[in-house]
Every structure is written in structure tokens, then in C-alpha cells.
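Inspection log for the structure reproduced underneath, given as C-alpha cells.
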Amino acid sequence: MTPKMAMAIAADISAAIAAPFTLQTQLPVSGGGHFRHPASRDTSTSVCGDINTAHVITDHNGVQYFVKLNNADRATMFEAEAAGLRELAQTNIIRVPQPVCHGITAGSAYLAMEYIDLSGNNSAQNQVRLGHQLAQLHRITAPRYGWRTNNTLGTTPQINTGHGHWPHFWREQRLGFQLSLAAHNGYSGALQRKGEKLLADMAVFFTNYEPPPSLLHGDLWSGNYGIDPGGNPVIFDPAVYYGDRETDLAMTGLFGGFSENFYLAYQEAYPLDAGFKTRKILYNLYHILNHLNLFGGSYLRQAEHMMDNLLGEIH
Ligand code: ADP
């Protein structure tokens, strides 16, 4: 972030909070989350050349803001992220950084939000809190699946056009979308054959199961939550929409980082249907296909393996 950018963003913050904010320091956040999960090793086919960079800017009173930067053409991505943070924050259920302002300055897109110290203790008790709070969040529902705006998962577009039938939504706007993207990225052959078959037959996983459209974080892996010094769980970097709450739960299990206490607390507050055991593979397939599209490499084998498991359940 150039000094000119930092000054311009500080001025925007000042206008947004209707109070003075005079830039004192700007520090890059090293080793930021970026959209690269721990399991992502092979970046040879990566299209993540435009990952976010993160900075903390501070005024002379020690007030801090967390600022994400990207190329100017990513402005709508940040606009949707800000809207997602607001959607979650307004429920007052789980702590979320309040978005402050976003836009384009000095040729870069930016999103400024409340800075939150995430150095709290990830104790058993705080995992229980997170489980209870996520269950409460999932009790917030909308009339339809989807959301009022599209957003992104990493840098991949996520289509949220509203729909009244969950399996249709999942087939068309989640798995089908990623599968088409994979074809576009050159992943043809077995992946597409298996994927097509799965899409055609996946209704079987929804027999007697009609989830309410729950408010979702949408990208809930361990890199997207933390604990504040007061022991409050904090979630950030969402890909918000309304859908089956099992999708959030499935993703918490994909890369680990959530303890047994979290799952027990969630189950106690909002028990899961027995079919979750199989559907979670169908739901995590979306994220693995997204990783394939972003990073390539071993995700191809993993996606095909998940498809084999699911197809094996059908026949
Ligand atoms: P990216 O979109 O590049 O993945 P994230 O939003 O995940 O970036 O943020 C990167 C890292 O910065 C997170 O893993 C977290 O540790 C930290 N972080 C994110 N948001 C805040 C915030 N509002 N305040 C303080 N630290 C934050």
C-alpha cells in the first residue's frame, strides 16, 4: 500500500465514520489468509495472481482498521464481501468485523473494516460458544435459497440467484457451475463423466429432506474464524448466502481446526439430520471443485474420489 493510497483510504474512513481519522501508520499483515487452504500445495495452475493483501492502518489515537487490497477490477468482490459481513453482523449472533467503507483508490480496490484482535484463547469453552452461536445463526432464514447479490468463493464467482428448491439450487448454481468451470479450465474426461452422472442422480440424497434456507457463512474453514481476547468467536471472509446449514458444517470438517466441543455444542443446539453423513461429501465436493479450479493439482484426484464415493451410494 503506497502512502498515497493509505491517506486516501484514511480519508474515506473518516468520511464513513463521520469523525477524524488521521493516518499514523500502515503495516502489512504478513502471511495473511489469502485464499489458500493448508491443503493447497500445487499452485502451478493457479489463477490466484490477484490474491488480496492485508494491512492494518492506525491513527494517532491508536484506533486501527483492517484493510484488504486487490486489483481495481475486484471492487465488486469487496462490495459483496462488505454486504456479506453486514448481513452476518446485523444478526448480532457471532462477532463479525464491521465493514466501514470500500471502493477504488489510486488504482486499487479496497475494503476497510473494523480491526479485531484475534489473539484470544481457542479453548474448549470458546469452541462450545462457536458451536452454539453458529447454530443460532443458522436459525436465521430467508424465504428462498440464494441471496440478493452474487459474491465470490476465493476469486471464483458464486451465483446466488434465488430459488425455491434446494437440490435444484445445489445442482445448478453450485456443483454444476464449478463443473462447467472445470471443463473450461481443461478438466474433461472422467471428472466430467462422473460429475454429469452425479448431477443427474443426486436427488436421491434429498429424499425426505428439505432444509430451510439458513443464513450461511459460506466459506467456514479454520482460517476464517478466530477468537477475540474476551473469548468471543469471530468469523470473517464470508461467502454469504441462504442455504442448507449442513454446507457450513461440512466445510468445518474439510480441513480441520474445529474441535469435538464445537460439534457437540452445535448438535445440542440444533441437531443434524442423519443424512448429513453422506450429504457432507456432496457439499464439500463444491469446495474441492473450487480448489481444483483455483489451484489444480491433487484436487482432481480428490474430486473424482468424492464423486466415486457418492456414486457408490446411489447404486
Ligand atoms: P483473504 O480474503 O485474503 O483470505 P482474510 O479476510 O481471510 O483474507 O484475512 C487474512 C487474515 O487476516 C485472517 O486469517 C486473519 O488472521 C486476519 N484478519 C482478517 N480480518 C481481520 C480483522 N477484521 N481484524 C484483524 N485481523 C483480521
Side-chain angles (χ1 to χ4, degrees), residues 1 6 9-10 12-13 16-17 21 25-40 43 46-59 62-71 73-90 94-102 108-122 126 130 151-158 217-240 248 251-252 254-258 287 290-291 293-295:
M1 183 192 288
I9 293 169
D12 286 358
I13 289 173
I17 63 175
F21 181 82
T25 61
Q26 59 190 79
L27 286 174
V29 177
S30 59
H34 301 152
F35 195 79
R36 187 165 307 162
H37 292 197
S40 309
T43 55
S46 163
V47 292
C48 60
D50 53 359
I51 48 179
N52 304 317
T53 60
H55 303 259
V56 177
I57 63 173
T58 309
D59 77 355
V63 177
Q64 296 178 303
Y65 288 93
F66 186 82
V67 180
K68 289 165 84 162
L69 289 178
N70 208 320
N71 300 335
D73 61 359
R74 292 291 175 191
T76 51
M77 179 176 89
F78 283 153
E79 190 179 339
E81 183 173 339
L85 289 170
R86 258 194 307 277
E87 189 87 2
L88 295 171
Q90 75 189 9
I94 311 185
R95 189 166 185 203
V96 174
Q98 295 281 350
V100 176
C101 53
H102 56 85
S108 287
Y110 82 90
L111 167 61
M113 66 185 86
E114 174 190 10
Y115 173 84
I116 302 181
D117 179 351
L118 298 171
S119 66
N121 186 0
N122 198 353
N126 294 335
L130 179 59
N151 46 18
T152 51
L153 191 64
T155 50
T156 309
Q158 175 165 268
H217 177 282
D219 191 14
L220 195 54
W221 72 292
S222 61
N224 284 346
Y225 86 90
I227 308 288
D228 77 11
N232 302 296
V234 183
I235 54 175
F236 43 86
D237 201 15
V240 162
D248 266 354
M251 192 175 195
T252 63
L254 187 56
F255 299 107
F258 296 77
H287 292 284
N290 187 42
H291 276 63
N293 283 317
L294 289 171
F295 308 118

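Remember, it's 1-based here, ligands and their atoms both numbered in the order they're listed.
Here the shortest heavy-atom distance to atom 13 (C) of ligand 1, taken over F236, Y65, Y225, Y115, belongs to F236. Remark: among candidates M77, E81, E114, the nearest residue to atom 23 (N) of ligand 1 is E114, based on non-hydrogen atoms.
Atoms of ligand 1 found under 4.0 Å from any heavy atom of M113, numbered from 1 in the order shown, are 23 (N). Under a 4.0 Å criterion applied to the non-hydrogen atoms of P97, ligand 1 contributes the atoms 23 (N). Each of the following atoms of ligand 1 lies closer than 4.0 Å to a heavy atom of N52: 1 (P), 2 (O), 3 (O). Against a heavy-atom cut-off of under 4.0 Å, L118 is close to the following atoms of ligand 1: 15 (C), 16 (O), 26 (N), 27 (C). Counting the atoms of ligand 1 from 1 in the order shown, those under 4.0 Å from a heavy atom of N224 are 7 (O).
Note on ligand 1: G223 sits in its first shell, one or more heavy atoms being nearer than 4.0 Å.
Considering every non-hydrogen atom in both F236 and G223, the closest pair reads CE1-O, 3.3 Å. Here the shortest heavy-atom pairing between A239 and L153 reads CB-CD1, 3.9 Å.
With respect to the salt-bridge test (charged N to carboxylate O, under 4.0 angstrom), the residues R95 and E114 qualify.
In this structure, the separation between CG on D59 and OH on Y65 is 8.0 Å, given to the nearest 0.5 Å. Of the inter-residue distances, the one linking E81 atom CD with M113 atom CE reads 5.0 Å to the nearest 0.5 angstrom.
Only the side chain of F66 comes within 4.0 Å of ligand 1, counting heavy atoms alone; its backbone N, CA, C and O stay farther away.
By the side-chain contact (heavy atoms from CB on, under 4.5 Å) test, H217 pairs with L88, D219, L220, N224, I235, P238, D248, sequence neighbours left out. Evaluation of the side-chain contact (heavy atoms from CB on, under 4.5 Å) rule for T152 yields M77 as partners, not counting sequence neighbours.
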